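I have placed the structure first, in the form of structure tokens, so that the comments after it can refer back to it.
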Amino acid sequence: MKCKDESRLSTHISTHTHTHTSTQSRTHEEQGRMNSIDGIWTEVNTLGDMPGRRVGHSFDLVRVPFGGAMGVLIWGKGAATHLNDALALRLKDKTWLRPKLHGKPVVSRWRHASFPLRHRQAVFITGGDDAHGNAVMDPQLLDTSSGAGGPWHWCSV
């Protein structure tokens, strides 16, 4: 069975960032887009407050008011700590934003699962591991209906 619009498959955006050190001991971080059909990685230049390198994070495409979409990057593990943040990548101009987060603070985690809720302009997050390696089982909802500029709201489910 074929998809009706195969071009949609070739524009999977990933927030993979990796760091390499040159011979002059400078660190350089890159972000890119992975073509999910042929597996080719293309560097993407972004503006704004670029997130630091991380693993075990999630990245979802969420609809925004008045059309379009934004990328939502949630949590993960940095070099020395578990991250408890959520960022927006405004796709129309490739700019990273850090919306203010309201609601009850959430346990930082990594290796969690998330997916966008089409009918609510929100992201549902579940599972993952906390900083001590314990499984986290409190599902969360991040309301992103105010758009990339925020504020966003955490809600326990």
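Nothing fancy with the numbering, it's 1 onward along the sequence. Quick caveat: nothing in here was measured; it's all calculated off a predicted structure.
- With T126 contributing its side chain and A113 its backbone, the two residues share no donor-acceptor pair below 3.5 Å.
- Hydrophobic clustering (ILVMFWY, side-chain heavy atoms < 4.5 Å, transitive): L61 and L87 are in one cluster.
- Side chains of T144 and W152 form a contact here, defined as non-hydrogen atoms less than 4.5 Å apart.
- No side-chain heavy atom of S114 sits less than 4.5 Å from a side-chain heavy atom of F124.
- Hydrophobic clustering (ILVMFWY, side-chain heavy atoms < 4.5 Å, transitive): F59 and M50 are in one cluster.
- Hydrophobic clustering keeps L83 apart from L101 (ILVMFWY residues linked when any side-chain heavy atoms are closer than 4.5 Å, directly or through intermediates).
- Cluster annotation: V62 is not connected to F115 through the hydrophobic network of ILVMFWY side chains, with a link wherever side-chain heavy atoms come within less than 4.5 Å.
- Residue R120 qualifies as open at atom CZ: its count of foreign heavy atoms under 6.0 Å is 12 or below.
- Of all the heavy atoms in A69 and V64, the pair that sits closest is N-CG2, 3.9 Å.
- By the 4.5 Å heavy-atom criterion applied to side chains, W110 and D129 are counted as neighbours.
- Across H102 and P151, no two heavy atoms sit closer than the pair CD2-CB, 3.2 Å.
- In this structure, CG in L89 is found 8.5 Å from CG in D93, a value given to the nearest 0.5 Å.
- Using a 4.5 Å heavy-atom threshold, the side chains of I74 and V72 count as touching.
- N84 contributes a side-chain N or O that, together with a main-chain N or O of V106, makes up a donor-acceptor pair within less than 3.5 Å.
- By the 4.0 Å N-to-carboxylate-O rule, D130 lies too far from R109 to be salt-bridged with it.
- Proximity of Q140 to S156: side-chain heavy atoms (C-beta onward) are separated by under 4.5 Å at one or more points.
- When all heavy atoms of M70 and L91 are compared, the pair lying nearest together is CA-CG, 4.0 Å.
- Hydrophobic clustering places L117 together with V157 (ILVMFWY residues linked when any side-chain heavy atoms are closer than 4.5 Å, directly or through intermediates).
- Between L97 and R90 the shortest side-chain heavy-atom distance falls below 4.5 Å.
- Inspection of the S58 and H112 side chains reveals an N or O donor paired with an N or O acceptor under 3.5 Å.
- K94 and N45 get closest at one heavy-atom pair: CD-O, 3.6 Å.
- Shown here for P99 and A86, the closest heavy-atom pair between the two residues is CD-O, 3.9 Å.
- Of the inter-residue distances, the one linking Q121 atom CD with L142 atom CG reads 12.0 Å to the nearest 0.5 angstrom.
- Annotation for P51 and R98: closest pair CA-NH2, 3.9 Å, computed over non-hydrogen atoms.
- Side chains of V123 and I125 form a contact here, defined as non-hydrogen atoms less than 4.5 Å apart.
- In this structure a side-chain-to-backbone donor-acceptor pair under 3.5 Å is present from R54 to W75.
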